[in-house]
Amino acid sequence: MRIVYIIVKLITLPGAVTHAFFEHMCCRASKILVDDARVIQATEMLSHVDHELIRRRGASFDICFIPFFLNLVLGFLTLSHGAVTVYYFARYNDIFAWVCLYLGISLCTNLFPQLEDVMMLKENFFVNGKGKISRVLVAPCYGIFLCGAYLEKFGLTLITSIAFSFAVPYIYGWFAPSLYNLFI
């Protein structure tokens, strides 16, 4: 499965690099020492930076959530244009739409944190944490991160991102009745 993981990460390299960049910036902002900042390497650290263990609750949440959220927003915005143009309007000769579709799928494939970071989030909030309100607020994020980290570990996030790209025009169809005027 490690080979499948590396192949998926290399296919979606723009999303992997942006996720690692956001993760590195979160480590710098939280004053967490980054041990190895090499992004492109043929290990499980592809698209992640190697950092020291996180002992603070807020920092562990930030390192899991902020790169996830930024990649999600960027991925959804770029994927929206490509998916609507290619899948909904059937403009197959629009090169910019295909590039947006690839970049959006690439960003959405590399959303989730590394499994070790998710386990540190669990330890900091649920094992060593004291606040019940923070546990309730972090629990849904923890569940999403844990499922996503396992999907990413086996390279299945590429399949989910492609399936999501097919669903995007229909999601817009529910919320925007004049979809044609938005993208033309």
Side-chain angles (χ1 to χ4, degrees), residues 2 4-81 99-100 102-131 133-158 160-161 164:
R2 182 178 160 195
V4 173
Y5 172 82
I6 292 171
I7 289 171
V8 166
K9 291 295 182 175
L10 289 175
I11 290 171
T12 62
L13 195 61
V17 170
T18 57
H19 185 271
F21 173 73
F22 293 142
E23 193 172 300
H24 188 98
M25 290 299 111
C26 286
C27 286
R28 297 281 302 252
S30 299
K31 295 184 173 108
I32 295 172
L33 181 65
V34 174
D35 296 332
D36 190 7
R38 291 180 297 158
V39 176
I40 303 171
Q41 52 186 336
T43 64
E44 70 276 350
M45 293 306 294
L46 185 60
S47 87
H48 299 286
V49 293
D50 190 17
H51 53 80
E52 67 182 8
L53 289 177
I54 308 162
R55 298 292 178 202
R56 295 186 319 258
R57 292 171 46 166
S60 66
F61 182 76
D62 288 347
I63 288 180
C64 290
F65 181 75
I66 291 174
F68 168 81
F69 181 73
L70 293 175
N71 259 16
L72 180 66
V73 168
L74 287 175
F76 186 72
L77 290 176
T78 56
L79 184 70
S80 295
H81 173 71
V99 169
C100 285
Y102 167 71
L103 289 176
I105 289 172
S106 173
L107 287 164
C108 288
T109 301
N110 296 290
L111 290 176
F112 300 104
Q114 195 176 16
L115 193 57
E116 287 82 14
D117 291 340
V118 176
M119 291 302 142
M120 282 306 296
L121 179 72
K122 177 185 174 186
E123 183 177 327
N124 288 338
F125 275 92
F126 300 110
V127 176
N128 298 333
K130 295 191 185 313
I133 294 174
S134 64
R135 288 181 188 176
V136 169
L137 294 175
V138 171
C141 293
Y142 168 72
I144 292 169
F145 294 154
L146 185 64
C147 292
Y150 277 116
L151 285 174
E152 186 176 294
K153 185 178 179 179
F154 297 114
L156 297 175
T157 52
L158 179 62
T160 60
S161 297
F164 179 67

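The figures here come from the full heavy-atom set of this structure, side chains too, leaving out hydrogens, waters and symmetry mates. Positions are given from 1, in the same order as the sequence printed here.
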(message) As a quick check of understanding, evaluate side chain to side chain contact (heavy atoms under 4.5 Å, CB included) for Thr109 and Glu152, giving each step before the final call.
(response) CA-CA 8 Å; Thr109 301; Glu152 186 176 294; over 6 Å; no
(message) Quick check for you: to the nearest 0.5 Å, what is the distance between Ile7 atom CD1 and Leu158 atom CG?
(response) 11.0 Å
(request) List the atom of Leu115, the atom of Ala149, and the distance in Å for their closest heavy-atom pair. (result) CD1-CB, 3.8 Å
(request) Please name the pair of heavy atoms, one in Asn110 and one in Lys9, separated by the smallest distance, quoted to 0.1 Å. (result) OD1-NZ, 2.6 Å
(message) Can you tell me how far apart CG (Leu79) and OG (Ser161) are? Round to the nearest 0.5 Å.
(response) 8.0 Å
(request) Measure the OH-CG distance between Tyr5 and Leu10 for me, rounded to the nearest 0.5 Å. (result) 10.0 Å
(message) Are Glu23 and Ile63 packed together at the side-chain level, in the sense that at least one heavy-atom pair is separated by less than 4.5 angstrom?
(response) yes
(message) Strictly distance-based, threshold 3.5 Å: is any side-chain N or O of Thr78 a donor or acceptor partner for the main-chain N or O of Gly75?
(response) yes
(message) Below 30° counts as parallel, above 60° as perpendicular, anything between as tilted: where do the rings of Phe61 and Phe125 land?
(response) perpendicular
(message) Thr18 vs Asn71, test: side-chain hydrogen bond (donor to acceptor under 3.5 Å, both in side chains). Steps then yes/no.
(response) CA-CA 7 Å; Thr18 57; Asn71 259 16; 3.2 Å; yes
(message) Could you measure the distance from the CZ atom of Phe22 to the SG atom of Cys27? Nearest 0.5 Å is fine.
(response) 14.0 Å
(message) Working to the nearest 0.5 angstrom, can you tell me the gap between Thr157 OG1 and Tyr150 OH?
(response) 15.5 Å
(message) Counting C-beta onward and ignoring hydrogens, is there a side-chain heavy-atom pair between Phe145 and Gln114 closer than 4.5 Å?
(response) no
(request) Work out which heavy atom in Leu107 is nearest to a heavy atom in Gly15; give both atom names and the distance. (result) CD2-CA, 3.8 Å
(message) Aromatic contact between Phe112 and Phe68, with the criterion being ring centroids under 6.0 Å apart: yes or no?
(response) yes
(message) Give me the atom names and distance for the closest heavy-atom approach of Asp117 to Cys64.
(response) O-SG, 3.6 Å
(request) Please indicate whether Tyr102 has more than 12 foreign heavy atoms, meaning atoms of other residues, nucleotides or ligands, lying under 6.0 Å from its OH. (result) yes
(request) Considering non-hydrogen atoms only, spot the tightest contact between Leu103 and Pro14 and give its length. (result) CD2-CB, 3.8 Å
(message) Testing the basics here: between Leu121 and Ser60, what is the closest heavy-atom pair and its distance to 0.1 Å?
(response) CD1-OG, 3.8 Å
(message) What's the separation between atom OG1 in Thr160 and atom CD1 in Ile105, rounded to the nearest 0.5 Å?
(response) 10.5 Å
